[in-house]
Peer 1: 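Can you read through this structure? Questions will come right after.
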Amino acid sequence: MTRPSEIKPREGDLPAALYKDWQVGAEFPELRFTITPDVIDEYMSVVNATPEAYVIDGRRAAPPNVVAVYLMAVMYRKYPPQQGGIMIGNTFTFYHPIWADEDTVVVGTGKVEDKYEKKGRKYICYSVDFTRDDGQKLTRILHTSAFPE
Amino acid sequence: MERIIPQTQDMFDAYGRLNGDNDILHYDPEYARKRGFRGTLGHGLMYLAYVADLAARKYGKDWHYRGEISVKFIAPVCPGDELKVSLDDEGQAQCESQFGKTLVGYARLI
């Protein structure tokens with residue numbers, strides 16, 4: 001099992017990437033991790049998920065957004081986090097269930113899509129694609145955050 | 001569809017333990033107030049998950065194969081907030097606390 005905290009640098013542990021360091025088009029190194037039934041159960045608990053909403057043809061599935069807890073770990077592999085970031089928005093698109101009764105090896109990749117300053121705030125937009133290690137596409141995420149520096 | 005989910009610091013901490021988020025905005029109220037907020041901030045992706053849960057109930061199996069959710073976080077959520085999460089028949093989503101709207105967006109099939 002891969003807990004997100006095992007693969008994600010903690011804010012403040014490394015010198016933070018600043019707005020000036022981000023380069024549009026830069027790709028994040030591939031991140032490989034395993035989503036296990038334990039992680040899915042914990043995720044469902046912390047987001048108050050409704051268990052009966054995640055049964056497909058009699059089989060338990062995870063909330064497809066469970067990959068959200070690994071999102072920043074992908075980005076942080078290239079740009080270590082700074083304190084005080086504020087999440088602005090996200091778009092998640094789902095392509096295939098993540099089954100809750102088995103381990104799923106997932107590969108996360110992504111890149112910086114845009115950066116801009118507006119009304120004194122510094123915005124970063126990036127995308128992350130999560131696929132199974134057999135190539136099955138799972139989820140695509142477009143993300144925007146604002147950072148203080 | 002709607003749910004009311006009262007917000008607590010314990011909930012923020014539990015989400016942070018899972019995703020490994022150590023940003024002090026989520027657990028240091030003094031720092032958060034210095035930044036101009038009422039208190040510590042809940043994790044944005046926790047609120048996306050609240051809306052996604054309503055969408056999973058609404059769309060069933062299809063949600064996993066062709067669901068799309070898009071949200072913007074327009075105001076902070078702090079401990080003590082009573083958060084109402086809603087998704088209407090057209091797929092428009094929002095979260096609202098006693099202080100006003102905190103999230104807007106949609107959840108639909110593509």
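Because only heavy atoms are used, hydrogens play no part in the values below, and waters and symmetry mates are left out as well, while side chains stay in. Below, chains carry the letters A, B, ... as their sequence lines are ordered, and counting in each starts from 1.
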Peer 1: Do A/Trp99 and A/Leu138 share a hydrophobic cluster, counting only Ile, Leu, Val, Met, Phe, Trp and Tyr and linking them when any side-chain heavy atoms are less than 4.5 Å apart?
Peer 2: no

Peer 1: So if you build clusters from Ile, Leu, Val, Met, Phe, Trp, Tyr with side-chain heavy-atom gaps below 4.5 Å, do B/Leu109 and B/Leu87 land together?
Peer 2: yes

Peer 1: Non-hydrogen atoms of chain A under 4.5 Å away: do they reach the side chain of B/Leu45, the backbone, both or neither?
Peer 2: both

Peer 1: Just checking B/Gln92: does its CD atom have more than 12 heavy atoms from other residues, nucleotides or ligands closer to it than 6.0 angstrom?
Peer 2: yes

Peer 1: Measure across B/Ala52 and A/Tyr54 and return the closest heavy-atom pair with its distance rounded to 0.1 Å.
Peer 2: O-OH, 4.1 Å

Peer 1: What I'd like to find out is whether the side chain of B/Phe73 reaches to under 4.5 Å of the side chain of A/Asn90, using heavy atoms alone.
Peer 2: yes

Peer 1: Compile the donor-acceptor pairs under 3.5 Å between side chains in residues 106-122 of chain A and protein atoms, sequence neighbours left out, one pair per line.
Peer 2:
unit_1, atom_1, unit_2, atom_2, d
A/Glu113, OE2, A/Ser127, OG, 2.6
A/Lys115, NZ, A/Tyr19, O, 2.8
A/Lys115, NZ, A/Trp22, O, 2.9

Peer 1: Relative to chain B, which segment of A/Ile86 carries a heavy atom at a distance below 4.5 Å: side chain, backbone, both, or neither?
Peer 2: side chain

Peer 1: Would you name the heavy atoms of B/His64 and A/Ala62 that are closest together and state the gap between them?
Peer 2: CE1-O, 3.3 Å

Peer 1: Indicate yes or no for a side-chain donor-acceptor contact from B/Arg3 to the backbone of A/Asn48 under 3.5 Å, with no hydrogens or angles considered.
Peer 2: yes

Peer 1: Determine whether B/Val71 and B/Met1 fall in the same hydrophobic cluster, where Ile, Leu, Val, Met, Phe, Trp and Tyr are linked whenever their side-chain heavy atoms lie under 4.5 Å apart.
Peer 2: yes

Peer 1: So, the side chain of B/Asp53 versus the backbone of A/Ala49: is there a donor-acceptor pair under 3.5 Å, distance only?
Peer 2: no

Peer 1: Which atoms of A/Tyr70 are under 4.5 Å from chain B, going by heavy atoms: the side chain, the backbone, both sets, or neither?
Peer 2: neither

Peer 1: Does the side chain of A/Val46 reach to within under 4.5 Å of the side chain of B/Phe12, using non-hydrogen atoms?
Peer 2: no

Peer 1: Based on non-hydrogen pairs under 4.5 Å, which of A/Val55, A/Asn65, A/Leu71 is most in contact with chain B?
Peer 2: A/Asn65

Peer 1: Counting only non-hydrogen atoms closer than 4.5 Å, does B/Tyr59 touch chain A with its backbone (N, CA, C, O), its side chain (CB onward), both, or neither?
Peer 2: neither

Peer 1: Same cluster for B/Tyr27 and B/Leu25 if Ile/Leu/Val/Met/Phe/Trp/Tyr side chains link at under 4.5 Å?
Peer 2: yes

Peer 1: To the closest 0.5 Å, what do you measure between CD1 (A/Ile56) and CH2 (B/Trp63)?
Peer 2: 12.5 Å

Peer 1: Of the backbone (N, CA, C, O) and the side chain (C-beta and beyond), which part of B/Leu54 lies under 4.5 Å from a heavy atom of chain A, both, or neither?
Peer 2: neither

Peer 1: Looking at B/Ala107, B/Gly67, B/Ala49, which makes the most heavy-atom pairs under 4.5 Å with chain A?
Peer 2: B/Gly67

Peer 1: Where is the tightest heavy-atom contact between B/Tyr65 and A/His96, given as atom of each residue plus distance?
Peer 2: CE2-CD2, 3.9 Å

Peer 1: Within this structure, what is the CE-NZ distance for the pair A/Met87 and B/Lys72, rounded to the nearest 0.5 Å?
Peer 2: 15.0 Å

Peer 1: CG of B/Asp62 to CZ of A/Phe94: how many Å apart, nearest 0.5 Å?
Peer 2: 13.5 Å

Peer 1: Relative to chain A, which segment of B/Ile69 carries a heavy atom at a distance below 4.5 Å: side chain, backbone, both, or neither?
Peer 2: both

Peer 1: For a 4.5 angstrom cut-off between non-hydrogen side-chain atoms, does B/Lys61 reach A/Asp57?
Peer 2: yes

Peer 1: Any side-chain heavy atom of A/Met72 within less than 4.5 Å of one from B/Asn19?
Peer 2: no

Peer 1: Counting only non-hydrogen atoms closer than 4.5 Å, does B/Arg57 touch chain A with its backbone (N, CA, C, O), its side chain (CB onward), both, or neither?
Peer 2: both

Peer 1: Answer yes or no: does atom CD of B/Gln98 have more than 12 heavy-atom neighbours from other residues, nucleotides or ligands under 6.0 Å?
Peer 2: yes

Peer 1: Is it possible for you to say whether B/Leu48 and B/Val104 belong to one hydrophobic cluster, with membership spreading through side-chain heavy-atom contacts below 4.5 Å?
Peer 2: no

Peer 1: Work out which heavy atom in B/Leu18 is nearest to a heavy atom in A/Arg3; give both atom names and the distance.
Peer 2: CA-NH2, 3.6 Å

